[in-house]
Number of protein chains: 2
Amino acid sequence: MASHHPLPFDPIDRAAQLWQERIGPAATMAAVTNIMRVQQILQSSVDAALRPHGLTFARYEALVLLVFSRQGSLPMNVMGQRLQLHPTSVTNIVDRLQADHLVERNGHPTDRRTTVVTITEAGRQRQKAATVAITDIDFGLIGLDDTQTVQLTALLTQVRRAAGDFNQSS
Amino acid sequence: MASHHPLPFDPIDRAAQLWQERIGPAATMAAVTNIMRVQQILQSSVDAALRPHGLTFARYEALVLLVFSRQGSLPMNVMGQRLQLHPTSVTNIVDRLQADHLVERNGHPTDRRTTVVTITEAGRQRQKAATVAITDIDFGLIGLDDTQTVQLTALLTQVRRAAGDFNQSS
DNA sequence: GGGATTTGGTTGGGCGTCCTACTGTTGGAT
DNA sequence: ATCCAACAGTAGGACGCCCAACCAAATCCC
């Protein structure tokens, strides 16, 4: 039973709508709500596409990162920086990838604190198969043409920059 | 928090960059990555602002929904529809709100299956205080002017519509 | 009426993220 | 040379989301 209002404003969540009527920064609230919701949609789509391959998006990203690294291996802290993840999240992800024999943990030759993660041959194959699945569904991002996709990326990049997500100290 | 892990350089995640060099739909991947990351940033900002009030964004949204409902109460399934949440998530959220005496659970007068959630006076006050905190930080969304915020909302709404996010609300 | 189906809600489990706290290691400052 | 602050990684816990499975109630339908 969809309410068949042809168009204009149903697109915003009820909560945000009420905000618009009664509270202040409705536009911002609507944008935030939309980001939250779209992220959820994309996460769901992508994870569904990856599930048959035994991967989640987080683990897939980690595999991609390793595949495209020179040696097929990176220290865990570097992975955390690249993927913008908390150290404990990296530990968690690597744990699961290792349990699936997609990566290995090795000690660093000179710094005994650091652990180097190396992708296995099985990991490379898994990543390749998962890439097919994920590109087949366009990463779950649908409804936008190329121009709009670029536009969206630009806006979000601007937010990230304002939040100090990039130019942190080296 | 992002500041825990300084990112050395560039605008786009390393993984997305490499995609751009070597694989196909780089633009889409970049957009998806950005959405994921911005969501994370917003979630972090908002939750930080709400933490002193003992709330998370999910629970705050539930309170807002109840505050602006006619009776200050809604069935759980309706909350799930409005907030686009899985039934188990609603159970979880209401559990915690109830533990804080911000809402009550009551039986539905005619349908004994449904549980009606009602906000308490403490809940209304908590919501009000939290609203101040959250608007003070602009919901964590910074770096965009009003036009760009509207533009962003439009693009994301388009994605949600394409994903069928508005089709079933009954 | 009475069985089959649908619906509302909960439980248990998996996964991801963060936080705090802790062990080792490194390397600079005294 | 030694001490100490910073760093790398992990353990344990909280929270959120989802899925599968389940019970109870309502509804459909023969």
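Proteins get letters first, then strands, A, B, ... in listed order; numbering begins at 1 in each. These values consider heavy atoms only, across backbone and side chains, with no hydrogens, waters or symmetry-generated copies.
Counting to the nearest Å, the C1' atom of dC17(D) and the CG atom of Asp47(A) are 10 Å from each other. The nearest whole Å value for the distance from the CG atom in Leu74(A) to the C1' atom in dG9(D) is 16 Å. Between the CG atom of Leu42(B) and the P atom of dC18(C) there is a distance of 14 Å, given to the nearest Å. Protein atom CG of Leu50(B) is 14 Å distant from nucleotide atom C1' of dC15(D), rounded to whole Å. As rounded to whole Å, 10 Å separates atom P of dC17(D) from atom CE of Met36(A). One can place CD of Gln39(A) at 11 Å from C1' of dT17(C), the figure rounded to the nearest angstrom. The interatomic distance linking Arg51(A) (CZ) with dG13(C) (P) rounds to 19 Å, in whole Å.
Side-chain atoms of Arg126(B) come within 3.5 Å of backbone atoms of His53(B) as a donor-acceptor pair (strictly under, hydrogens ignored).
In this structure the side chain of Asp95(B) reaches within 4.5 angstrom of the side chain of Arg105(B), judged on heavy atoms. Val117(B) is not listed as a side-chain neighbour of Leu97(B), based on a closest heavy-atom distance of 4.5 Å or more. Side-chain contact check for Leu152(B) versus Asn34(A): every heavy-atom pair is 4.5 Å or farther apart. Between Val103(B) and Thr118(B) there is no side-chain heavy-atom pair separated by less than 4.5 Å. Looking at heavy atoms from C-beta onward, Leu65(B) lies out of side-chain contact with Val78(B) at the 4.5 angstrom threshold.
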What protein N or O atoms touch nucleotides 14-16 of chain C N or O atoms at under 3.5 angstrom, if any, and at what distances?
residue	atom	partner	partner atom	Å
dC15(C)	OP2	Arg96(A)	NH1	3.2
dC15(C)	O3'	Arg59(A)	NH2	3.3
dG16(C)	OP1	Thr56(A)	OG1	2.3
dG16(C)	OP1	Arg59(A)	NE	2.8
dG16(C)	OP1	Arg59(A)	NH2	3.2
dG16(C)	OP2	Arg96(A)	NE	2.8

Distances for protein N/O vs nucleotides 11-13 of chain D N/O pairs under 3.5 angstrom?
none

Nucleotide N/O to protein N/O under 3.5 Å, stretch nucleotides 1-7 of chain C:
residue	atom	partner	partner atom	Å
dT7(C)	O2	Arg113(B)	NH1	3.0

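Less than 4.0 Å separates DNA chain C from at least one heavy atom of each of the following residues of residues 98-112 of chain A: Thr110(A), Asp111(A), Arg112(A).
For Gln127(B) and Thr131(B), the side-chain atoms include at least one donor-acceptor pair closer than 3.5 Å. There is a side-chain donor-acceptor pair under 3.5 Å between Gln148(A) and Gln158(B).
Rounding to the nearest 0.5 Å gives a distance of 5.0 Å between OG1 of Thr33(B) and CZ of Phe57(A). Ile137(B) contributes atom CD1, which lies 7.0 Å from atom CG of Leu50(B) (distance to the nearest 0.5 angstrom).
Open room surrounds CG on Asp146(A); 12 or fewer heavy atoms of other groups in view lie less than 6.0 Å from it. Residue Asp136(A) places its CG atom among more than 12 non-hydrogen atoms of other residues, nucleotides or ligands, all under 6.0 Å distant. Around the NE2 atom of His101(A), the shell of radius 6.0 Å holds no more than 12 heavy atoms that belong to other residues, nucleotides or ligands.
In the helix from dG1(C)-dC30(D) to dT30(C)-dA1(D), the terminal helix axes, each the rotation mapping four pairs' C1' atoms onto the next four within five end pairs, subtend 10°, rounded to 10°.
For Gln40(A) and dG16(D), the shortest distance from a side-chain N or O to OP1 or OP2 is not below 4.0 Å.
Every residue two or more places apart in sequence or in another chain that forms a side chain to side chain donor-acceptor pair (under 3.5 Å) with Gln39(B) is listed here: Gln43(B).
Partner Leu155(B) forms a side chain to side chain contact (heavy atoms under 4.5 Å, CB included) with one of Leu156(A), Leu155(A), Thr149(A) and no other, that one being Leu155(A).
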Show the numbers, then the answer: is there a salt bridge (Lys or Arg N to Asp or Glu O under 4.0 Å) between Asp47(A) and Arg59(A)?
-> CA-CA 10 Å; Asp47(A) 280 347; Arg59(A) 276 177 270 170; over 6 Å; no

